[in-house]
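Here is the structure we will look at.
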Amino acid sequence: MAGAPRNLEEVNRVADAAGLVNRTGPVQVLYFSSTCNTNKYQLLELPPGLLDTLQVGNSVVIRGDKEDDAVLCTDRVTFDLRLADTSNSLLLVPQCSLSNDEEFKAEVSPLVLREVASSHTKYFEVKHCRPRLERLRHLLAETLYKGTENEVDLNDETEGNITKRKDVYTFVDLLSLVQASESELCEGLRNIGAIEINGRWRLLDADYREKVVVRILTLLEEMDWSYEAVPLKECCDILEELEPRNILEHCLNCYGEITSMDTDSGDNAIHYRLSEDKICRFYAEYLLRQAGKFNYNEFMDSWCQSVPEGMTTKSEHLSGIALMDLKSLPPVIWHFPASELSNDPELRFGELFKVRAKWTFDEIQPYLRDLVAPGLSLNALLMKYSRSSMDASGVKIYNSKKPL
């Protein structure tokens with residue numbers, strides 16, 4: 001400790017000069033010891049919810065590769081983890097008493113020395129953010145599931161004289177590679193239609209998935225089943241000679257939901273109600289995916305005739321999967337899915353304005369919804385990355401801030 005420590009008289013003299021009155025409890029004099037090490041500790045600022053997670057005994061994990069900005073994850077939420085500067089020094093004093101401690105209720109004011117363990121001008125701050133799931137689709141796309149007959153190719157592949165094993169991932173593997181909490185990773189796997197096969201998570205090849213769904217929908221028509229009550233057991237019993245049972249059930253889960261289950265009757269009572277929205281979108285993509293630009297009127301006729309009886313196609317079903325130009329001659333429509341765009345907001349806007357220079361709000365919002373982070377509105381995103389104006393008819397349109 002440098003110099004002689006202050007005595008109580010000196011401390012009171014300074015407190016009087018500062019106008020401090022009604023002083024009770026211990027007077028704490030801070031000092032830096034010769035063992036003070038500013039690199040031994042790092043400070044982390046925690047919002048109440050994250051603090052509660054630790055106080056009840058749950059853990060948090062820092063995730064990210066060397067080239068990634070680190071994130072901090074609980075079992076349910078992801079936070080940005082960034083190093084912040086402060087103009088004031090932050091002192092770490094392990095034995096420091098606080099104003100709500102019992103010691104401050106006493107009328108005496110003893111002089112006590114408190115050793116400063118470390119001093120900091122930087123700390124880590126956390127901010128709730130979107131999970132970074134863009135890597136998930138990329139990882140699973142390495143080994144698309146194309147049916148049992150193609151699984152022999154999964155074991156190894158040969159490039160020249162070199163044989164290497166293709167990567168397939170367990171849930172634990174994905175947790176170590178994807179910057180998301182366990183809950184958000186589960187939701188991400190559901191949203192992209194992933195399936196666990198033999199303990200490894202896979203995506204179905206688009207052509208293969210379409211083939212399986214078409215077989216289910218064709219059976220629906222042949223058996224005269226309502227799309228609101230597809231019997232699981234009977235459907236799988238008939239089609240499992242063509243496709244694995246788990247794949248059939250997975251596709252029913254992706255495009256429908258269980259409507260009834262009588263445990264006394266076993267599997268026979270399980271029925272699925274197919275989603276009109278999802279099936280109509282499926283057929284729209286099925287028709288558009290390989291077509292390039294499609295004559296709009298011909299597409300609408302083909303699409304309407306393709307869906308199961310009782311379903312009605314609507315323009316809203318094309319939201320986020322297709323674009324159209326009704327002013328061209330003839331009017332055209334083409335496949336343009338939001339799922340294939342960049343997850344970086346700046347790059348996403350660049351991709352959108354490259355395809356179309358001007359967008360209305362209704363046109364662009366389906367391609368931005370997944371970018372909205374906690375605490376950030378869609379309008380804030382548009383203000384940051386685009387410029388708005390009114391067209392001749394008084395409709396607000398958005399165009400790029402940057403020359404393309």
Closer than 4.0 angstrom, basic N to acidic O: yes or no for [X] and [Y]?
X	Y	answer
D68	R63	no
R209	E285	no
R82	E125	no

Donor on one side chain, acceptor on other, [X] and [Y], under 3.5 Å:
X	Y	answer
D362	T360	no
Y208	E243	yes
Y398	E363	no
E351	S342	no

Residues in side chain to side chain donor-acceptor pair (under 3.5 Å) with [X], at least two apart?
X	answer
D344	none
Y367	none
N253	Y272

Measure up the [X] and [Y] rings against each other and bin them: parallel (under 30°), tilted (30 to 60°), perpendicular (over 60°).
X	Y	answer
W359	F336	tilted
Y286	Y283	perpendicular
Y385	F349	parallel

task: Apply side-chain contact (heavy atoms from CB on, under 4.5 Å) to L83 and F124, showing your working.
output: CA-CA 5 Å; L83 193 61; F124 287 99; 3.8 Å; yes

query: Should P47 and V126 count as side-chain neighbours, where that means a heavy-atom distance under 4.5 Å?
result: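 Counting from C-beta outward, P47 and V126 do come under 4.5 Å.
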
query: Considering only heavy atoms from C-beta outward, does the side chain of I238 approach that of E222 to under 4.5 Å?
result: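 Not touching, per the 4.5 Å side-chain cut-off.
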
message: Quick one, S97 with R114, criterion side-chain hydrogen bond (donor to acceptor under 3.5 Å, both in side chains). Give me CA distance, side-chain angles, the key distance, then yes/no.
response: CA-CA 9 Å; S97 299; R114 300 298 191 208; 3.0 Å; yes

- prompt: Taking it one step at a time, do W201 and L136 satisfy side-chain contact (heavy atoms from CB on, under 4.5 Å)?
  reply: CA-CA 10 Å; W201 283 90; L136 179 60; over 6 Å; no

message: Could you check whether atom NE2 of H138 has more than 12 heavy atoms from other residues, nucleotides or ligands sitting under 6.0 Å from it?
response: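 No, the 6.0 Å shell around NE2 holds no more than 12 heavy atoms from other groups.
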
